[in-house]
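One structure below.
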Protein chains: 2
Amino acid sequence: MPTTTSQFLNGVPELLVLRLLRDKEMYGYELVEAIRAASNDNLSFAEGVIYPVLHSLERDGALSTRRQTVNGRSRVYYSVTPTGKDRFNDLLAHWQHLQSTIATIVKAPHHA
Amino acid sequence: MPTTTSQFLNGVPELLVLRLLRDKEMYGYELVEAIRAASNDNLSFAEGVIYPVLHSLERDGALSTRRQTVNGRSRVYYSVTPTGKDRFNDLLAHWQHLQSTIATIVKAPHHA
DNA sequence: TCTATTACCTATTAACTCTAGGTATAATGC
DNA sequence: GCATTATACCTAGAGTTAATAGGTAATAGA
């Protein structure tokens with residue numbers, strides 16, 4: 001039974017990639033910097049993390065690509081498809097649900 | 001370079017185990033049910049997840065054990081050591097930091 | 001007596017992340 | 001002119017964790 005993300009955890013790189021690309025299309029290298037910047041250096045995923053995420057999201061139809069050469073360097077711009085928007089909404093809901101469940105447990109005064 | 005938890009993610013089972021055991025000692029089977037109950041059935045980690053977590057926490061000195069036979073069935077009660085309390089505080093701080101970073105990014109109006 | 005529940009456990013598989021590379025062009029410093 | 005850094009892409013392999021799928025044994029209940 002292959003689950004898209006592990007039942008509860010992980011999927012944070014994917015969530016952030018979809019979130020940032022929802023604002024505007026970006027190429028991989030740009031995204032890596034954008035995540036670092038958006039998180040005030042709290043989070044930093046290396047290229048070796050981001051590129052595979054981009055490829056698998058594209059394979060799943062969540063992202064579409066456009067190739068462009070700028071200053072002699074080839075860039076691959078990614079943008080979010082309708083499928084990708086759905087995927088993001090699902091991931092976000094999932095994350096928020098998990099987060100609030102954990103917060104509740106952690107803050108509970110005492111567990112019988 | 002072996003990291004205790006992956007740099008950012010995971011560690012949720014461990015966090016919950018330490019949190020619940022901080023309230024009172026429990027045995028493994030009981031913990032599995034307690035997590036499910038505390039989360040209102042939103043989270044459920046199978047025994048195959050919880051037992052290995054307990055064993056590795058014990059190996060690390062975060063939990064101590066006490067064996068007792070009740071109704072002919074042998075139980076292993078776990079309780080949190082001072083090391084375990086530190087570990088929990090670290091994990092919690094880590095989790096909350098991650099969570100708030102992600103929340104900020106997700107809610108941001110627009111990313112340049 | 002047969003099944004479900006309690007209570008423990010491990011091994012294998014799967015998933016994801018992280019590190020560590022590797023290629024190539026352009027820009028910068030010396 | 002040459003070396004280094006920055007830009008921009010990529011993949012393979014390792015490491016960690018979680019999920020599944022078993023397996024043992026005793027008790028309780030139907």
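Every chain is numbered from 1 and lettered A, B, ... according to where its sequence line falls, protein lines coming before strand lines.
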Of residues 61-69 of chain A, the positions that come close to DNA chain D - non-hydrogen atoms, cut-off under 4.0 Å: none

With sequence neighbours excluded, residues passing side chain to side chain contact (heavy atoms under 4.5 Å, CB included) with D23(A): R19(A), H110(B), H111(B)

Listed by chain and number, what are the side chain to side chain contact (heavy atoms under 4.5 Å, CB included) partners of A46(B), not counting sequence neighbours? none

To the nearest angstrom, how far is [X] atom [atom1] from [N] atom [atom2]?
X	N	atom1	atom2	answer
R36(B)	dT6(C)	CZ	P	11 Å
E14(B)	dA19(D)	CD	P	14 Å
L54(A)	dA8(D)	CG	C1'	13 Å
I50(B)	dA7(C)	CD1	C1'	15 Å
Y51(B)	dA18(D)	OH	P	17 Å
D60(A)	dC16(C)	CG	P	10 Å
L15(A)	dT17(C)	CG	C1'	16 Å
L91(A)	dC16(C)	CG	P	10 Å

Heavy-atom side-chain contact between V32(A) and V49(A) under 4.5 Å: no

Looking at R36(A), is its backbone amide N or carbonyl O close enough to the side chain of S44(A) to form a donor-acceptor pair, meaning the two atoms are under 3.5 Å apart? no

Quick one: does any side-chain atom of N89(B) pair with a main-chain N or O of D86(B) as donor and acceptor, under 3.5 Å? no

Angle class for the Y27(A)/Y77(A) ring planes (parallel below 30°, perpendicular above 60°, tilted otherwise)? perpendicular

Give the ring-plane orientation class for W95(B) versus W95(A), where under 30° counts as parallel, over 60° as perpendicular and anything between as tilted. tilted

For Y29(A), what residues pass the ring-ring contact (aromatic ring centres under 6.0 Å, His included) criterion, not counting sequence neighbours? none

Walk me through whether L31(B) and L54(B) qualify under side chain to side chain contact (heavy atoms under 4.5 Å, CB included). CA-CA 10 Å; L31(B) 243 183; L54(B) 289 170; 3.8 Å; yes

Please write out each protein N/O paired with an N/O of nucleotides 22-28 of chain D under 3.5 Å, distance rounded to 0.1 Å.
residue : atom : partner : partner atom : Å
dT27(D) : O4'  : R73(B)  : NH2          : 3.0

NZ/NE/NH1/NH2 to OD/OE distance under 4.0 Å, R87(A) and E14(A): yes

Taking NZ, NE, NH1 and NH2 as the nitrogens, is one of them in K24(A) or E30(A) under 4.0 Å from a carboxylate oxygen of the other? yes

Using only heavy-atom distances, determine whether the side chains of E58(A) and S64(A) contain a donor-acceptor pair under 3.5 Å. no

Counting just side-chain N and O atoms, does H55(A) come under 4.0 Å of either OP1 or OP2 of dT11(D)? yes

Neighbours of DNA chain C within residues 20-32 of chain B, by heavy-atom distance under 4.0 Å: Y27(B), G28(B), Y29(B)

On DNA chain C, more 5' by nearest nucleotide between E33(B) and V53(A) is E33(B)

Nucleotide nearest [X] when distance is taken to its side chain, options [options]:
X	options	result
Y78(A)	dC10(D), dA18(D), dC9(C)	dC10(D)
V49(A)	dT10(C), dT19(C), dT11(D)	dT19(C)
N10(A)	dC8(C), dA19(D), dC16(C)	dC16(C)

